[in-house]
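See below for the structure under consideration.
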Amino acid sequence: MEQAPHVPAADHAEHAALAATVASLQPRAKRELAELVAFRSVADPAQFPRAECEAAARWVVEALEAEGFRDVALLDTPDGTQSVYGLLPGPADAPTVLLYAHYDVQPPLDEDAWLSPPFELTDRDGRWFGRGAADCKGGLIMHLTALRALKEHGGVPVNVKVIVEGSEEQGTGGLERYAEAHPDLLTADAIVIGDAGNFRVGLPTVTATLRGMTLLRVSVDTLEGNLHSGQFGGAAPDALAALIRMLDSLRAEDGSTAIEGLASDAVWEGLTYEEEDFRKDAKVLDGVELIGAGTVADRIWVRPAVTVLGIDCPPVVGATPSVQASARALVSLRVPPGVTAEEANRLLTEHLRAAAPWGARVGVEQIGSGQPFRADTGSPAYEAMRSAMRVAYDGQDMATAGQGGSIPLCNTLASLYPEAEILLIGLSEPEAQIHAVNESVSPEELEKLSLTEALFLTSYASGKH
């Protein structure tokens, strides 16, 4: 067993004082998170007014200005959304650390299924519930809390840049394109992406890999218009039936993703994700089997995963006895490290076209993408984070995990700044239920990770790691 390094008594006292300050800032953190959650900042004007995102962005601007950030700006990104940037200068010879979060959120889905209003932060069962509480408005509050604590203990020891994205959940690539066009803006020695999460509540974790993604809208047309199923059914080609066959072809019998030319046999080496734990986290119904092959970690962190996100077809209520002339689906493909989003998109498109029966006409439109990511976990910044997490989590060692989701900006930053060290931490542990109804954040995790970040910035600045 690795022996924990000796920590001088003076450092213990400093750590305890910093921890006490972070704890004292939690009421403010809760109040501000409630203000942020109240913005219905879904970056899709077809679902919520653009004004909601604009108001959330202005809140971020005001928060950064209040903390003394300079050059605070609303960045109009190419996808029509706004990101927020600010610079907090530190000592002249100090390294620069970029802190990332996003203020846009997923739609609330079925608001009636929430136990409390999705855009009203609600304290229940020891957690704070609300859309974006963990993903990723809580990430911004984590950054602010860490910086405020450091200010009360001699100041922030590094130069800090903050970038808060406005369309991460939409996958439309606005900030990536903006960063590519302004490559000097986000330069940093280390980058902390506050949009991941611990493997378990109380288990300090950094995320070392992310799957990329491609998002396609596929349309199928077979007839000039719908036909009476009694008069024409049995010979007239049904577009919905054709689409169902195409979508079914994307999976093997065991549920594994089976796209021609796309490997699905990678093996995860690292933290183990037990099947029973996964069943509990995913809330799989009794008697229902998991899909795919290999370990759970293999399946969700380093192998591709296709998901049908939605289908346009007649609802059951009000449906008529008709052969459908057209149908559409939205298909997501998560891409493991080692495969580019462009290659995955090509393979998925070719597979869908080849799988279309009866000569059905197929249209495919890519509407979102993001590259996979793999971090260098042996870098000095990771050693600083390891030290910080050990202190903040009362001696627990840092775990390294993967994440099945995508943060498209990561690979863009890695490409633009190949010397920068990129770390992923955050509040989206399994109980947070991000992207689902009743999303929540653990206040204990918010406190410990705010302390972690403050300790990390101190350690990274001093080189004592």
Side-chain angles (χ1 to χ4, degrees), residues 7 10-11 14-15 17-19 21-22 25 29 60 63-73 83-101 139-165 179 183-196 204 206 375-392 398 409-410 413-414 416-426 447-465:
V7 180
D11 287 349
E14 291 175 6
H15 296 162
L18 188 61
T21 299
V22 170
L25 290 168
V60 178
L64 295 184
E65 289 177 339
E67 295 303 321
F69 277 76
R70 300 178 185 174
D71 304 325
V72 179
S83 294
V84 182
Y85 167 83
L87 169 66
L88 185 66
D93 59 346
T96 297
V97 178
L98 174 68
L99 305 179
Y100 168 90
L140 173 59
I141 299 301
M142 175 185 74
H143 294 326
L144 291 174
T145 301
L147 296 175
R148 288 165 179 161
L150 288 171
K151 285 182 178 181
E152 294 190 27
H153 289 269
V156 180
V158 297
N159 300 291
V160 174
K161 294 180 178 180
V162 165
I163 186 70
V164 186
E165 189 172 2
D184 293 335
L185 184 69
L186 303 182
T187 54
D189 298 291
I191 300 170
V192 179
I193 306 290
D195 193 21
V206 292
D376 175 11
T377 58
S379 66
Y382 271 84
E383 291 305 311
M385 184 62 74
R386 183 174 288 106
S387 172
M389 285 185 160
R390 184 181 293 119
V391 172
M398 179 183 81
L409 184 66
C410 279
L413 296 177
L416 289 174
Y417 318 119
E419 300 302 317
E421 304 172 76
I422 301 178
L423 306 97
L424 294 99
I425 62 173
E447 181 177 336
K448 286 183 179 295
L449 283 167
S450 298
L451 176 59
T452 293
E453 187 162 276
L455 291 165
F456 163 77
L457 294 175
T458 301
S459 179
Y460 188 68
S462 67
K464 293 179 180 179
H465 47 259

Check: residues 183-192 side-chain donor-acceptor pairs under 3.5 Å, at least two apart:
unit_1	atom_1	unit_2	atom_2	d
Thr187	OG1	Lys161	NZ	3.1
Thr187	OG1	Asp184	O	3.2
Asp189	OD2	Thr96	N	2.8

Within-4.5 Å side-chain heavy-atom neighbours: Val160 and Phe69: yes

Closest non-hydrogen atom pair, Pro91 against Val158: CD-N, 4.2 Å

Flag, side chain of Asp195 to backbone of Gly426, donor-acceptor distance under 3.5 Å: no

For Asp71, all residues meeting side chain to side chain contact (heavy atoms under 4.5 Å, CB included), sequence neighbours excluded: Tyr85, Leu87

Rounded distance (nearest 0.5 Å) linking atom CD of Glu383 with atom CD of Glu421: 10.0 Å

Separation between OG of Ser379 and CE of Met385, rounded to the nearest 0.5 Å: 10.0 Å

Nearest heavy-atom neighbours spanning Tyr460 and Val97: CD2-CG2, 3.9 Å

Partners meeting side chain to side chain contact (heavy atoms under 4.5 Å, CB included) with Ala149 (sequence neighbours left out): Leu18, Thr21, Val22, Leu25

Worked verdict on Thr458 versus His153 for side chain to side chain contact (heavy atoms under 4.5 Å, CB included): CA-CA 11 Å; Thr458 301; His153 289 269; over 6 Å; no

Atom pair CG/NE2 of Leu88 and His143 - distance to nearest 0.5 Å: 13.5 Å

Distance (rounded to the nearest 0.5 Å) between Glu152 CD and Arg148 CZ: 10.0 Å

Identified side chain to side chain contact (heavy atoms under 4.5 Å, CB included) counterpart of Val84 within the set Val162, Ile163, Val60: Val60

Audit row: Leu144, Leu64, side chain to side chain contact (heavy atoms under 4.5 Å, CB included) steps and yes/no: CA-CA 8 Å; Leu144 291 174; Leu64 295 184; 4.2 Å; yes

Short side-chain to backbone donor-acceptor contact, Ser459 and Leu455, under 3.5 Å: no

Contact list for residues 447-456, test salt bridge (Lys or Arg N to Asp or Glu O under 4.0 Å), sequence neighbours left out: Asp394-Lys448

Taking every non-hydrogen atom, the tightest pair across Thr452 and Met389: CG2-CG, 3.6 Å

Glu165: partners by side-chain hydrogen bond (donor to acceptor under 3.5 Å, both in side chains), with sequence neighbours left out: Tyr100

Distance (rounded to the nearest 0.5 Å) between Met142 CE and Leu449 CG: 6.0 Å

Distance-minimising heavy-atom pair for Pro157 and Ala461: O-CB, 3.5 Å

Side chain to side chain contact (heavy atoms under 4.5 Å, CB included) partner of Ile193, chosen from Ile422, Leu98, Val206, Leu99: Ile422

Shortest non-hydrogen contact between Gly68 and Lys151, atoms and distance: N-NZ, 4.3 Å

Heavy-atom closest pair, residues Cys410 and Leu424: SG-CD2, 3.8 Å

